[in-house]
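As structure tokens, the structure follows; a few thoughts come after it.
Heads up: numbering here begins at 1 and tracks the sequence.
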Amino acid sequence: MTDNRLIIALDFSSLQEVKEIVDKLGPDISFYKVGMELYYSAGEAVVSYLCGLGKKVFLDLKLHDIPNTVCLLYT
């Protein structure tokens, strides 16, 4: 059973590192945060990979200063 209250921050710089941790965590984790560093290094591929696994993605690119942070939720 997945628990959507827990969001795992993927603070990595490569898609390979993401694949390793997502594989380790398995099906019990369904929600991941992709930050600016990861998105800029791995691009849309990281979001596509997670969505392809049926995961939810919180894309946090911090394009504006807080409190005006821009965030997108992919499901």
Exercise. Can you measure from CG (Leu25) to OG (Ser30) and round to the nearest 0.5 angstrom?
Key: 11.0 Å
Quiz prompt | Listed partners of Ser13 passing side-chain contact (heavy atoms from CB on, under 4.5 Å), at least two apart | solution = Glu17, Glu37, Ser41
Quiz item: From Leu50 CG over to Lys56 NZ, what is the distance, rounded to the nearest 0.5 angstrom?
Solution: 13.5 Å
Quiz item: Going through the checks in order, is the side chain to side chain contact (heavy atoms under 4.5 Å, CB included) test met by Val34 and Asp60?
Solution: CA-CA 6 Å; Val34 173; Asp60 185 6; over 6 Å; no
Quiz prompt | Contacts of type side-chain contact (heavy atoms from CB on, under 4.5 Å), residue Ala9, not counting sequence neighbours | solution = Asp11, Lys33
Practice problem: Dump the intermediate steps for side chain to side chain contact (heavy atoms under 4.5 Å, CB included) on Val22 and Tyr32, then the final yes or no. | Solution: CA-CA 9 Å; Val22 169; Tyr32 291 91; 3.8 Å; yes
Practice problem: Check whether NZ of the Lys or CZ of the Arg Lys19 lies under 6.0 Å from the centre of the six-membered ring of Tyr49 and within 45 degrees of that ring's axis. | Solution: yes
Quiz item: Say you draw a straight line from CG of Leu61 to CG of Leu59; how long is it, rounded to the nearest 0.5 Å?
Solution: 4.0 Å
Exercise. Mind running side chain to side chain contact (heavy atoms under 4.5 Å, CB included) on Tyr39 and Val47 for me, showing each step along the way?
Key: CA-CA 8 Å; Tyr39 189 80; Val47 175; 4.0 Å; yes
Quiz item: How long is the gap from CD1 on Ile29 to CG on Leu53, to the nearest 0.5 Å?
Solution: 13.5 Å
Quiz item: What are the two closest heavy atoms between Val57 and Cys51, and how far apart are they?
Solution: CG2-SG, 4.1 Å
Quiz prompt | Separation between CD1 of Ile21 and CD1 of Ile8, rounded to the nearest 0.5 Å | solution = 8.0 Å
